[in-house]
Peer 1: 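Sending over a structure as structure tokens; questions will come in a sec.
Counting starts at 1 for both ligands and their atoms, in listed order. Along the sequence shown, residues are numbered consecutively beginning with 1.
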Amino acid sequence: MSKKFRVGILGATGTVGQRFIELLEGHPQFEVTALAASDRSQGKPYSEACAWRLPCEMPARARALVVSAPQPPLACDLIFSSLPGEMAHETEDAFARAGYPVISNSSAFRMDEDVPLLIPEINHEHLALIETQRRTRGYERGYIVTNPNCSTIMIALALAPLQARFGVESCVATTMQALSGAGYPGVASLDVVDNLLPYIGGEEEKIESETLKILGRMTDGGVKRADMRVSAQCQRVNVSDGHFGALRVKLARAAGLEEFTDALASFSALPQELRLHSAPARPVIVRDEPDRPQPRLDRDAGRGMSVSVGRIRPDAVLDYRFIALSHNTVRGAAGAAILNAELLAAKGHLV
Ligand code: NAP
């Protein structure tokens with residue numbers, strides 16, 4: 001059996017950090033050897049620092065690790081970062097500069113021209129930016145690779161097969177997003193019981209800009225943004241996990257319902273071909289029941305890594321409309337970053 005890469009998790013006590021620990025338990029390529037969080041948690045064993053909120057038991061290996069400050073050096077070969085955006089910039093840069101590959105969930109570097117905004121099924125060519133980044137930032141062995149915002153990952157995975165087969169001119173997305181997307185303790189219960197909140201700070205802007213970078217083409221001069229218009233409206237709803245999106249799309253060329261549905265259902269890409277550990281057999285699962293997908297029933301599809309799509313119909317204003325759903329802390333965060341790391345390992349970017 002080949003040696004496992006040692007992993008450090010920044011923000012290890014948070015909603016995404018806990019998901020990292022759950023998903024990395026028993027992983028064939030990675031083992032968790034370092035955990036970091038705020039000074040509230042530092043110096044304590046993880047079992048004491050972390051109010052574990054997942055239904056599984058806290059893994060024994062993590063329980064015993066003492067939580068460190070999020071600064072290099074840490075006893076690991078690569079970093080998964082789930083730090084709050086405001087502090088991620090300085091900290092992730094410090095780790096990359098100190099020689100660590102940093103695989104980040106936070107928004108700090110996503111839109112930087114020399115940083116890959118990676119979804120392995122869509123844009124693995126963007127990893128060429130690692131070399132650009134080393135040149136422009138003077139990193140020697142380290143680098144930063146980011147995963148997109150949780151709703152954006154779902155939307156981009158639904159659009160990518162359509163863009164490849166028909167071209168997408170525009171997309172209007174209305175999201176209904178789970179409470180866990182706001183971290184813990186997140187939204188006050190009195191704000192969300194018997195209610196929904198029609199505002200998630202920065203979310204609409206992230207979906208509208210990140211989608212064009214993800215679906216953009218790698219050129220000698222960097223990532224050329226996809227030539228499409230995206231409009232997003234985002235609301236927070238009273239669901240624990242699972243972001244839901246109502247999407248309408250206008251295609252560049254006409255498509256029948258059958259070929260539109262087939263483009264989504266038959267989508268398969270490099271992670272499936274390489275059989276990466278976290279890659280779902282089907283990145284997009286098309287459901288034909290009239291009342292699916294639903295968060296509670298479908299968020300765990302493909303071990304939380306598949307996007308479920310349903311209610312595909314012709315649209316009277318644009319060309320087609322449909323519903324998409326995905327698990328925001330798995331495919332939308334920790335699972336996305338782990339799949340990114342698996343691709344980086346397969347492509348020789350982890351040593
Ligand atoms: P969270 O539950 O609030 O957890 C935040 C984590 O960061 C905790 O481990 C906390 O440690 C640590 N932290 C806070 N302030 C710190 C400081 N000054 N120094 C060091 N560590 C500090 O948040 P989350 O939902 O896991 O989100 C983490 C990141 O992932 C954010 O950038 C978020 O935008 C992104 N993200 C979240 C989701 C999602 O679905 N939740 C999806 C995609 C991306 P203590 O416990 O010690 O305070």
Side-chain angles (χ1 to χ4, degrees), residues 8-23 32 34-54 58 62 65-72 74 79-92 94-95 102-111 117-119 144 146-156 175-187 200-203 205-207 210 234 236-237 239-244 295 299 304-305 325-340:
I9 301 171
L10 313 183
T13 49
T15 304
V16 178
Q18 294 184 26
R19 212 35 110 178
F20 269 123
I21 288 168
E22 180 202 22
L23 295 174
V32 178
L35 301 174
S38 77
D39 51 12
R40 186 191 66 76
S41 309
Q42 291 162 26
K44 298 179 186 165
Y46 187 71
S47 56
E48 218 180 276
C50 176
W52 186 255
R53 302 274 166 200
L54 293 174
M58 181 188 284
L65 289 172
V66 173
V67 178
S68 305
Q71 60 198 36
L74 286 181
I79 295 288
F80 286 121
S81 170
S82 53
L83 288 172
E86 53 291 1
M87 64 161 311
H89 201 277
E90 193 182 328
T91 306
E92 293 177 2
F95 275 99
V102 177
I103 297 147
S104 172
N105 267 283
S106 86
S107 57
F109 288 98
R110 284 185 195 144
M111 294 305 292
L117 184 54
L118 184 66
I119 300 181
I144 299 171
T146 59
N147 60 253
N149 160 276
C150 39
S151 292
T152 310
I153 295 181
M154 167 182 77
I155 292 167
T175 67
M176 280 138 270
Q177 302 188 198
L179 295 171
S180 59
Y184 192 85
V187 182
I200 304 175
E203 196 79 0
E205 294 80 1
K206 286 177 190 165
I207 293 172
E210 290 180 16
C234 301
R236 184 77 66 198
V237 296
V239 164
S240 58
D241 289 315
H243 287 354
F244 183 98
R299 60 193 168 206
M305 290 296 284
L325 175 98
S326 83
H327 200 303
N328 53 297
T329 64
V330 183
R331 178 51 106 156
I338 294 169
L339 185 61
N340 284 355

Peer 1: Gln18 side chain to Thr13 main-chain N or O, any donor-acceptor pair under 3.5 Å?
Peer 2: yes
Peer 1: Would a search of protein heavy atoms around atom 31 (C) of ligand 1 find one under 4.0 Å away?
Peer 2: yes
Peer 1: Could you tell me whether Leu83 and ligand 1 have an N or O pair separated by under 3.5 Å?
Peer 2: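 Between Leu83 and ligand 1 (N or O atoms, distance only) the closest approach is under 3.5 Å.
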Peer 1: Could you walk me through whether Glu203 and Asn149 pass side chain to side chain donor-acceptor pair (under 3.5 Å), step by step?
Peer 2: CA-CA 8 Å; Glu203 196 79 0; Asn149 160 276; 3.0 Å; yes
Peer 1: Go through ligand 1 atom by atom and flag the ones less than 4.0 Å from a non-hydrogen atom of Met87.
Peer 2: 16 (C), 17 (C), 18 (N), 19 (N), 20 (C), 21 (N), 22 (C)
Peer 1: Is there any N or O on Ser106 that sits under 3.5 Å from an N or O of ligand 1?
Peer 2: no
Peer 1: Counting heavy atoms only, which of Thr329, Asn105, Asn147 is nearest atom 35 (C) of ligand 1?
Peer 2: Asn105
Peer 1: Is the shortest N/O to N/O distance between Val16 and ligand 1 below 3.5 Å?
Peer 2: yes
Peer 1: Considering both backbone and side-chain atoms of Ser107, is one of its nitrogen or oxygen atoms within less than 3.5 Å of a nitrogen or oxygen in ligand 1?
Peer 2: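 Between Ser107 and ligand 1 (N or O atoms, distance only) the closest approach is not under 3.5 Å.
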Peer 1: Can you tell which of Ser180, Gly183, Ala334, Ser151 gets a heavy atom nearest to atom 41 (N) of ligand 1?
Peer 2: Ser180
Peer 1: Measuring from atom 10 (C) of ligand 1, which candidate in Asp39, Thr13, Ile153 has the nearest non-hydrogen atom?
Peer 2: Thr13
Peer 1: Residues two or more places apart in sequence or in another chain: which of them pass ring-ring contact (aromatic ring centres under 6.0 Å, His included) with Tyr46?
Peer 2: none
